[in-house]
Enquirer: 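Supplied in structure tokens, the structure appears directly below.
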Amino acid sequence: MEASLAQAMAFVAFTAVAAGKPGPSNVLLAAVGARVGVRRGMKSLLGQVTGMTSMLFAVTLGLGGLLLDHAWTLETLKWGGAALLCWTAWGIATADHTEEAAEAPTGFLGMAAFQWANPKGWLIATAADATFLDQHKGSALNQALVFAVLFLLAALPSCLPWLAFGAALQRFLRTPRTWLVFRCTMAALLAASAILFVVPHG
């Protein structure tokens with residue numbers, strides 16, 4: 001796809017907002033930053049962005065449309081994602097400060113896989129294609145490749161502040177009490193995300 005500069009800039013702007021706004025993945029990324037810092041948390045950041053990018057690529061090629069066109073698959077995705085968010089929230093809330101919280105999907109593979117169970121990720125990918133996919137701009141494969149490259153480049157700097165924010169909190173998380181407050185706050189935000197996904201919107 002020979003995307004114009006204006007189209008590319010519009011897609012990058014969309015990606016920066018969609019990838020950087022509050023959500024389950026970024027909340028989890030902040031928790032990673034608070035636990036291990038920016039340098040050790042980069043694997044989780046790269047996994048998150050790679051997972052989101054691969055999902056966008058698949059949706060552009062048609063996988064997302066095939067799944068989302070059937071009500072039962074969308075419902076399964078929604079409830080399965082909500083259950084995973086609640087399970088992850090419990091893991092964060094009960095993790096010890098010295099643990100790596102193996103229950104939570106951290107690290108490159110864990111964060112990449114988590115994106116595929118995150119309903120918000122599917123909605124972002126679908127919205128991106130609905131807005132920017134053009135049947136006159138080349139094959140689905142070509143457009144998927146262009147979207148993936150632009151998304152990857154724009155999402156990395158958009159998600160990085162969440163990791164850095166969590167790492168910046170490390171100086172305040174030196175006691176069991178402050179660590180407990182932080183864990184419970186992160187867990188509550190994840191659980192709230194799950195509720196938003198499954199509660200019908202009028």
Side-chain angles (χ1 to χ4, degrees), residues 1-30 32-33 38 41-71 73-74 77-78 81-82 85 105 108 111-166 168 189-190 192-194 196-197 200-202:
M1 179 180 70
E2 302 247 344
S4 68
L5 179 60
Q7 289 174 317
M9 291 178 63
F11 184 82
V12 168
F14 169 86
T15 298
V17 173
K21 68 181 182 180
S25 296
N26 285 331
V27 170
L28 187 57
L29 192 61
V32 171
V38 172
M42 287 301 296
K43 291 188 296 184
S44 294
L45 171 63
L46 293 174
Q48 175 176 322
V49 175
T50 300
M52 295 168 65
T53 301
S54 62
M55 177 185 291
L56 175 63
F57 183 82
V59 170
T60 306
L61 285 181
L63 175 61
L66 180 64
L67 293 176
L68 298 176
D69 281 344
H70 298 81
T73 58
L74 182 58
L77 173 66
K78 181 172 67 174
L85 291 176
F108 182 87
M111 288 293 281
F114 179 74
Q115 306 314 308
W116 288 81
N118 181 5
K120 177 191 170 186
W122 287 94
L123 295 176
I124 290 175
T126 303
D129 282 341
T131 304
F132 297 100
L133 195 61
D134 189 338
Q135 61 179 348
H136 303 296
K137 294 295 183 178
S139 68
L141 177 59
N142 289 339
Q143 295 190 64
L145 289 172
V146 172
F147 287 170
V149 171
L150 291 177
F151 191 94
L152 183 66
L153 294 176
L156 273 172
S158 297
C159 296
L160 178 60
W162 287 91
L163 181 64
F165 169 71
L189 290 173
L190 280 178
S193 298
L196 290 175
F197 285 132
H201 299 279

Enquirer: When rounded to the nearest 0.5 angstrom, what is the spacing between CG in L160 and CD in Q48?
Expert: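 If I round to the nearest 0.5 Å, the distance is 11.0 Å.
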Enquirer: Of all the heavy-atom pairs spanning P24 and N118, show the shortest one and how long it is.
Expert: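 That closest heavy-atom pairing would be CG-OD1, 3.9 Å.
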Enquirer: For L45 and C159, which heavy atoms make the closest approach, and how far apart are they?
Expert: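 So the minimum-distance heavy-atom pair works out to CD1-CB, 3.6 Å.
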Enquirer: CG/L29 to CH2/W162 distance, rounded to the nearest 0.5 angstrom?
Expert: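 Taking CG in L29 and CH2 in W162, the distance rounds to 9.5 Å.
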Enquirer: Ignoring hydrogens, what is the shortest heavy-atom contact between G41 and V32? Give both atom names and the distance.
Expert: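 Reported closest heavy-atom pair: CA-CG1, 4.0 Å.
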Enquirer: To check you understand the geometry: which heavy-atom pair defines the closest contact between V49 and A155, and what is its length?
Expert: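 So the two residues come closest at CG1-CB, 3.9 Å.
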Enquirer: Minimum heavy-atom separation for Q7 to F132, with atom names?
Expert: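 Looks like O-CE2, 4.4 Å.
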Enquirer: Counting C-beta onward and ignoring hydrogens, is there a side-chain heavy-atom pair between F57 and L61 closer than 4.5 Å?
Expert: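 Result yes, sub-4.5 Å side-chain heavy-atom pair found.
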Enquirer: A quick test of your reading: do over 12 heavy atoms of other residues, nucleotides or ligands sit less than 6.0 Å from CZ of F14?
Expert: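 Yes, because the 6.0 Å sphere around CZ of F14 holds more than 12 heavy atoms from other groups.
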Enquirer: So L46 and L156, side-chain contact (heavy atoms from CB on, under 4.5 Å) or not? Walk me through it.
Expert: CA-CA 7 Å; L46 293 174; L156 273 172; 3.7 Å; yes
Enquirer: Any donor and acceptor pair, going by atom type alone, linking the side chain of N26 with main-chain N or O of K21 inside 3.5 Å?
Expert: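 Yes.
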Enquirer: I need the minimum non-hydrogen distance between A154 and T15, along with the two atoms involved.
Expert: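 Heavy atoms only, the tightest pair is CB-CG2, 3.6 Å.
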Enquirer: Taking the side chain as everything from C-beta on, heavy atoms only, tell me whether F114 gets closer than 4.5 Å to S25.
Expert: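 The answer is yes; the side chains approach within 4.5 Å.
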Enquirer: Hey, could you give me the CE/CG distance between M52 and L152, rounded to the nearest 0.5 Å?
Expert: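 M52 atom CE to L152 atom CG measures 10.5 Å (nearest 0.5 Å).
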Enquirer: Would you please name every residue forming a side chain to side chain donor-acceptor pair (under 3.5 Å) with S54, sequence neighbours left out?
Expert: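 Residues passing side chain to side chain donor-acceptor pair (under 3.5 Å) with S54: W116.
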Enquirer: What's the verdict on side-chain contact (heavy atoms from CB on, under 4.5 Å) for Q115 and T53, showing C-alpha distance, side-chain angles and the deciding distance?
Expert: CA-CA 9 Å; Q115 306 314 308; T53 301; over 6 Å; no
